[in-house]
Undergrad: 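Let me give you the structure first, and then I'll get to my questions.
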Amino acid sequence: MKFSIKLVLSTMIVLALALGFSGFYFVNYVFETSLDRDVGQALDESSILGFAFETAALNVPLKYSVLPDSVVEEIASKLEMGGQSGGRLLRIADEEKNILYTSDGFTADEGLLPQTDQHTKSYRVIRAQDDYYVHTCVSINALDRILYLETMKSVTEVFTERALGFSLYRKVTVVMLLTGMVIMLFIASLLTKPIRLLTKATKRMAAGDYTYRARQISRDELGQLTRDFNRMANALEENICMLEEEIEAREEFMGAFAHELKTPLTAIIGYADMLRSHKMDEEKSIMSANYIYTEGKRLEAMSFRLLDIIVAKQEEADLQETSVGELFEYLREMFAEKKEMDIRFAHEEAVVWVEANLIKTVLVNLIDNACKASEINGVIEVTGQAVNDGYRIAVRDYGIGIPEAEQHKIVKAFYMVDKSRARSKNGAGLGLALCAEILKIHHSELQIESKEGEGSCFSFILPVENRGTYEE
Ligand code: ADP
């Protein structure tokens with residue numbers, strides 16, 4: 001059953017109970033008040049009637065020392081005639097509670113007589129056929145006799161009014177319940193709208209639409225739930241995007257890897273086949289063996305690089321205080337033999353917080369790339385300087401540069417701007433991918449500024465432990 005219907009039904013049950021009880025209480029209260037009033041009137045009337053009887057008895061001629069039964073009957077029949085609407089209903093009994101006179105239509109039994117004595121009045125409400133009466137009984141002193149006067153006063157109207165009240169209240173209750181139900185349906189539909197919107201969003205997301213968000217239409221707990229749901233959806237979407245990107249990158253990597261393996265392997269297999277199946281002169285044999293060797297070397301270099309990348313990806317950062325001077329000293333020594341390039345080093349002294357061997361690998365790769373991109377005797381500047389958020393090391397060359405559209409792709413594994421040129425220089429497109437992984441460990445990333453034909457600048461910022469200044 002729908003939540004809104006449950007809400008409506010439970011409200012209706014509460015409303016019906018409240019209306020039922022209050023209606024019953026109200027109608028009954030009115031009934032009892034009216035009945036009490038009529039009982040009071042009946043008792044008053046019977047007292048007045050008793051008094052009238054006693055007065056009439058006083059006027060009886062003196063010849064009777066005891067009021068005879070015939071006179072009692074006579075007075076009773078006169079009193080009976082004095083009723084407002086066609087006569088009173090009364091009954092007279094003597095001291096022994098023997099009935100002396102009974103009006104026509106006085107149908108009450110003699111149940112009240114034993115309960116009544118000279119000092120007490122008694123009454124009860126009785127039903128005779130379809131009518132209700134207040135039956136009263138009082139004692140009267142007529143001359144020297146004690147008599148008992150019983151009266152019957154109709155209270156049918158009070159009962160009829162109660163029945164009418166109940167029937168009217170039933171109708172009002174039904175109308176109010178129906179009206180209340182329509183209003184509650186509307187309110188329940190408004191209240192449950194955020195739940196419907198959330199359900200819709202959940203279904204859309206389950207069907208694969210991760211961009212869909214639930215509309216927030218209230219500021220209450222359900223609004224908060226919608227906000228939290230959307231926050232959760234954002235996180236989910238982000239994770240799914242990341243996973244998709246990762247899968248895409250992995251597929252791209254596998255494709256490029258297979259391609260890069262295929263090229264040297266084809267050459268190796270081709271030349272090896274030639275060597276074993278043909279008799280060749282010495283010069284050709286040496287040439288074939290040479291191809292096999294260089295392509296094999298390329299494969300070896302590629303597998304080492306790949307291993308480096310895998311290791312760098314899994315590496316836990318073990319950063320230590322390292323002097324920038326020590327890093328630059330290493331680089332200067334390493335490239336001292338490279339006389340065909342003009343490599344210039346300049347740095348501010350500082351202590352950086354790095355894994356020295358890994359950062360050396362990054363710098364060697366960047367300087368190697370700069371050499372490959374430059375003409376013979378080209379200038380390459382390697383600089384280090386303190387900046388606001390750490391220590392910046394940059395490798396600048398004035399070589400061929402990188403087209404703008406390619407700049408964001410070159411850090412991907414196996415990506416080479418000019419494949420034949422890169423391969424001719426023993427490149428496999430893995431150096432920058434390795435640099436990026438190493439810098440990730442240092443919470444840093446590679447910045448590339450380059451202009452085709454003018455040169456490139458690769459830089460990154462390292463975390464700093466301490467700073468000093470030193471000019472080379
Ligand atoms: P490779 O082993 O080919 O050098 P890298 O990942 O180091 O692989 O570089 C990827 C590609 O980026 C290179 O093939 C080259 O086309 C381009 N590249 C890298 N550094 C430079 C540079 N300083 N100037 C111009 N192109 C560069």
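All residue numbers refer to positions in the sequence shown, counting from 1. Since this is a predicted model, take the numbers as computed values, not measurements. Just follow the structure's listing: the first ligand is 1, and inside any ligand the first atom is 1.
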Undergrad: Suppose I only count heavy atoms of I410 and a 4.0 Å limit; which atoms of ligand 1 are within that range?
TA: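 Selected atoms, number and element: 10 (C), 12 (O).
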Undergrad: Flag yes if more than 12 heavy atoms outside K200 fall under 6.0 Å of its NZ atom; otherwise flag no.
TA: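 Result for NZ/K200: open.
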Undergrad: So between G429, G431, A433, whose heavy atom ends up nearest atom 1 (P) of ligand 1?
TA: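 Selected option, by shortest heavy-atom distance: G429.
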Undergrad: Looking only at protein heavy atoms, which one is nearest to atom 7 (O) of ligand 1, and how far off is it?
TA: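 Among all protein heavy atoms, the one nearest atom 7 (O) of ligand 1 is N369 ND2, 2.8 Å.
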Undergrad: Test K284 against D281 for salt bridge (Lys or Arg N to Asp or Glu O under 4.0 Å), laying out the working first.
TA: CA-CA 6 Å; K284 276 192 176 166; D281 57 35; 5.3 Å; no
Undergrad: Where the closest heavy atom to atom 18 (N) of ligand 1 is concerned, which of D368, I448, I402 has it?
TA: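 Answer by nearest heavy atom: I402.
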Undergrad: Please work out which of the three classes, parallel, tilted or perpendicular, describes the rings of F345 and F328, given edges at 30° and 60°.
TA: perpendicular
Undergrad: Give me the nearest non-hydrogen protein atom to atom 17 (C) of ligand 1 as residue plus atom name, then the distance to 0.1 Å.
TA: V417 CG2, 4.0 Å
Undergrad: Judged by non-hydrogen atoms, does N365 sit under 4.0 Å from ligand 1?
TA: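 No; N365 lies far enough from ligand 1 that no heavy-atom distance drops under 4.0 Å.
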Undergrad: Under 4.0 Å from a heavy atom of G401: give me the atoms of ligand 1 that qualify, with their elements.
TA: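 The atoms of ligand 1 under 4.0 Å from a heavy atom of G401 are 25 (C).
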Undergrad: Measure across R213 and N234 and return the closest heavy-atom pair with its distance rounded to 0.1 Å.
TA: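 Heavy-atom minimum between the residues: NE-OD1, 2.7 Å.
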Undergrad: Please write down residue, atom name and distance for the protein heavy atom closest to atom 5 (P) of ligand 1.
TA: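 The answer is L432 N, 3.6 Å.
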Undergrad: Before signing off on this row, confirm whether Y415 and ligand 1 have an N or O atom pair separated by under 3.5 Å.
TA: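 In this structure, Y415 places no N or O atom under 3.5 Å from an N or O of ligand 1.
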Undergrad: Going by heavy atoms, is E406 under 4.0 Å from ligand 1?
TA: no
Undergrad: So, using ring-ring contact (aromatic ring centres under 6.0 Å, His included) as the criterion, who are the partners of F31 when residues are at least two apart?
TA: F159
Undergrad: Taking C-beta and beyond as the side chain, do T151 and Y133 meet within less than 4.5 Å on heavy atoms?
TA: no
Undergrad: Students should be able to answer this: which protein heavy-atom is nearest to atom 2 (O) of ligand 1, and at what distance?
TA: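 Answer for atom 2 (O) of ligand 1: A428 N, 3.1 Å.
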Undergrad: Does the salt bridge (Lys or Arg N to Asp or Glu O under 4.0 Å) test come out yes or no for K412 and E252, once each step is laid out?
TA: CA-CA 9 Å; K412 285 186 185 168; E252 244 174 59; 3.5 Å; yes
Undergrad: Does the gap between the ring centers of F24 and F166 come in under 6.0 Å?
TA: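 Yes: the rings meet the under 6.0 Å criterion.
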Undergrad: So, does T294 use its side chain to make a donor-acceptor pair with the main chain of N290 at under 3.5 Å?
TA: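 Yes.
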Undergrad: Considering distance alone, does some N or O of A373 sit under 3.5 Å from an N or O of ligand 1?
TA: no
Undergrad: Provide, to 0.1 Å, the distance between atom 23 (N) of ligand 1 and the closest protein heavy atom, together with that atom's residue and name.
TA: D397 OD2, 2.9 Å
